[in-house]
Asks: 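Below is one structure. I have some questions about it.
Hydrogens, waters and symmetry mates play no part in the numbers below; they use all other heavy atoms, side chains included. Below, chain A is the first sequence line, B the second, and so on; all start at residue 1.
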2 protein chains.
Amino acid sequence: MRLTTKGRYAVTAMLDLAFHSDTKPVTLTDIAARQTISLSYLEQLFSRLRRANMVKGIRGPGGGYTLADTADKINIADIIAAVDEPLDATKCGGEANCQKEQACLTHDLWMGLSEQIKDYLKGITLAQLLEKHHVQSVAKRQDQEAEQVIEIHRHTELLASLNE
Amino acid sequence: MRLTTKGRYAVTAMLDLAFHSDTKPVTLTDIAARQTISLSYLEQLFSRLRRANMVKGIRGPGGGYTLADTADKINIADIIAAVDEPLDATKCGGEANCQKEQACLTHDLWMGLSEQIKDYLKGITLAQLLEKHHVQSVAKRQDQEAEQVIEIHRHTELLASLNE
DNA sequence: TTTAAAGTTGACTATTTTGCTAGGTTAAGT
DNA sequence: ACTTAACCTAGCAAAATAGTCAACTTTAAA
């Protein structure tokens, strides 16, 4: 499991898609504008995502992309795996020349670590991230409202003190 | 927290170093030979690791590298952070033009994810990986011994049956 | 005290990946 | 027909990756 900007772009785009796909398909042009990712790069990414059955492409006017499944069934690990190269995995080519030294055991350790991260990301779905997103934005708005209340309160206090 | 081959090389090399640093310093030449990483590339990586105070370089004959601390105090996240670029972090440059859309919230989500992975890797030390390594090799040896026992058992059974 | 082994350092090169541009073709709606 | 948007292909510049080479320090041994 590699974690690079490419995977981040893919996850970002999929999040945007999930967030905006209530009724109509979402065009890559829209995603490109909102997330400031170039259209052509998005096309590359979605070409892979489509072939991995993560999204569906709908052609023609009114077309665009939709999620191939509900947001709670799409996990982050799969998105990243879809856009990344197949990951040549072993430097030691599978089996042969490897066990003569303990050289490749460290390699196994890394792979194990990588698998753990993969499992971790497999447990996180788009739906969960959207939920978190929602919670955050609500929290932010509540903070802003709270600040406004405080501001008004101070304002009235100030007025009150002037009237004494 | 990025996960690339560069970080993997660094962790692999550090594991090798930890594994072989009982008494003498370990030369990069040895690590290069064991882990099939080019000496010069190792030099680059260890240059960064040294500046990050992860290892100590000892010059002259009989020199080499040692861990700057005990293996149970060196975690994976720090190793990877040491060899990676400082990670420009935000595409949106800190604060300014970002909150007008919800564009950067997905970015925040990714950063949060990245932080979680970082925390996860911070909790894993070289010592733990070596332990796992040890357990695995012991398990492997035990498996082999077990197979030999079974083999011998079958063999004696065969001999016994022939004697009937 | 030379000398040479062992390590450090920096500059330099080749390859791969990344992100993007430009140009099309194909399918579907108006 | 015309437009819209997916889809495909080729290429390209910048960056990261992986490695090379040569100059320079330190220090143990001669």
Asks: Side chains of B:Lys56 and B:Arg50: closer than 4.5 Å at any heavy-atom pair?
Replies: no
Asks: Does OP1 or OP2 of D:dA16 have a side-chain N or O of B:Thr4 closer than 4.0 Å?
Replies: no
Asks: Only distances under 3.5 Å count here; give the side-chain donor-acceptor pairs of residues 65-73 of chain B to other protein atoms, sequence neighbours excluded, each with its distance to 0.1 Å.
Replies:
residue : atom : partner : partner atom : Å
B:Thr70 : OG1  : B:Asp72 : OD1          : 2.6

Asks: Taking atom C1' of D:dA16 as reference, at what distance in whole Å does atom CG of A:Leu3 sit?
Replies: 16 Å
Asks: Tell me whether the side-chain N/O atoms of A:Ser40 come closer than 4.0 Å to OP1 or OP2 in C:dG19.
Replies: no
Asks: Separation of B:Asp84 atom CG from D:dA18 atom P, in whole Å?
Replies: 11 Å
Asks: Can you check whether A:Tyr41 has a side-chain N or O nearer than 4.0 Å to OP1 or OP2 of C:dG19?
Replies: yes
Asks: If we ignore hydrogens and angles and just use 3.5 Å, is the side chain of A:Gln128 paired with the main-chain N or O of A:Thr125 as donor and acceptor?
Replies: yes
Asks: Do A:Ile76 and A:Ile80 have side-chain heavy atoms sitting under 4.5 Å apart?
Replies: yes
Asks: Should B:Lys6 and B:Asp84 count as an ion pair when the cut-off is N to O under 4.0 Å?
Replies: no
Asks: Considering only side-chain heavy atoms of B:Arg2, which listed nucleotide, D:dG19, C:dT18, D:dA16, is closest?
Replies: D:dA16
Asks: Can you tell me the distance, in whole Å, between the CD1 atom of A:Ile37 and the P atom of C:dT21?
Replies: 13 Å
Asks: Strictly distance-based, threshold 3.5 Å: is any side-chain N or O of A:Thr12 a donor or acceptor partner for the main-chain N or O of A:Arg8?
Replies: yes
Asks: Just how far, in rounded Å, is C1' of C:dT17 from CZ of A:Arg8?
Replies: 15 Å
Asks: Judged by atom type as modelled, is there a donor-acceptor pair below 3.5 Å linking the side chain of B:Ser47 to the main-chain atoms of B:Glu43?
Replies: no
Asks: Separation of A:Leu42 atom CG from C:dG19 atom C1', in whole Å?
Replies: 11 Å
Asks: In whole Å, I'd like the distance from the CD1 atom of B:Ile31 to the P atom of C:dT8.
Replies: 10 Å
Asks: Less than 4.5 Å apart, side chain to side chain, heavy atoms only: is that true for A:Leu3 and B:Met1?
Replies: no
Asks: Please state how far atom CG in B:Leu49 lies from atom P in C:dT8, giving the value in whole angstrom units.
Replies: 12 Å
Asks: Take the C1' atoms of the five end pairs on each side of the helix from C:dT1-D:dA30 to C:dT30-D:dA1, derive the two axes, and give their angle rounded to 10 degrees.
Replies: 10°
Asks: May I have the distance from A:Arg48 (atom CZ) to C:dT18 (atom C1'), rounded to whole angstrom?
Replies: 12 Å
Asks: Report, as a single string ordered 5' to 3', how protein heavy atoms within less than 4.0 Å touch nucleotides 3-10 of chain D: B base, S sugar-phosphate only, - not at all.
Replies: BBSSBB--
Asks: Is there a side-chain contact between A:Leu17 and A:Phe46 in this structure, where contact means two heavy atoms from C-beta onward sitting under 4.5 Å apart?
Replies: yes
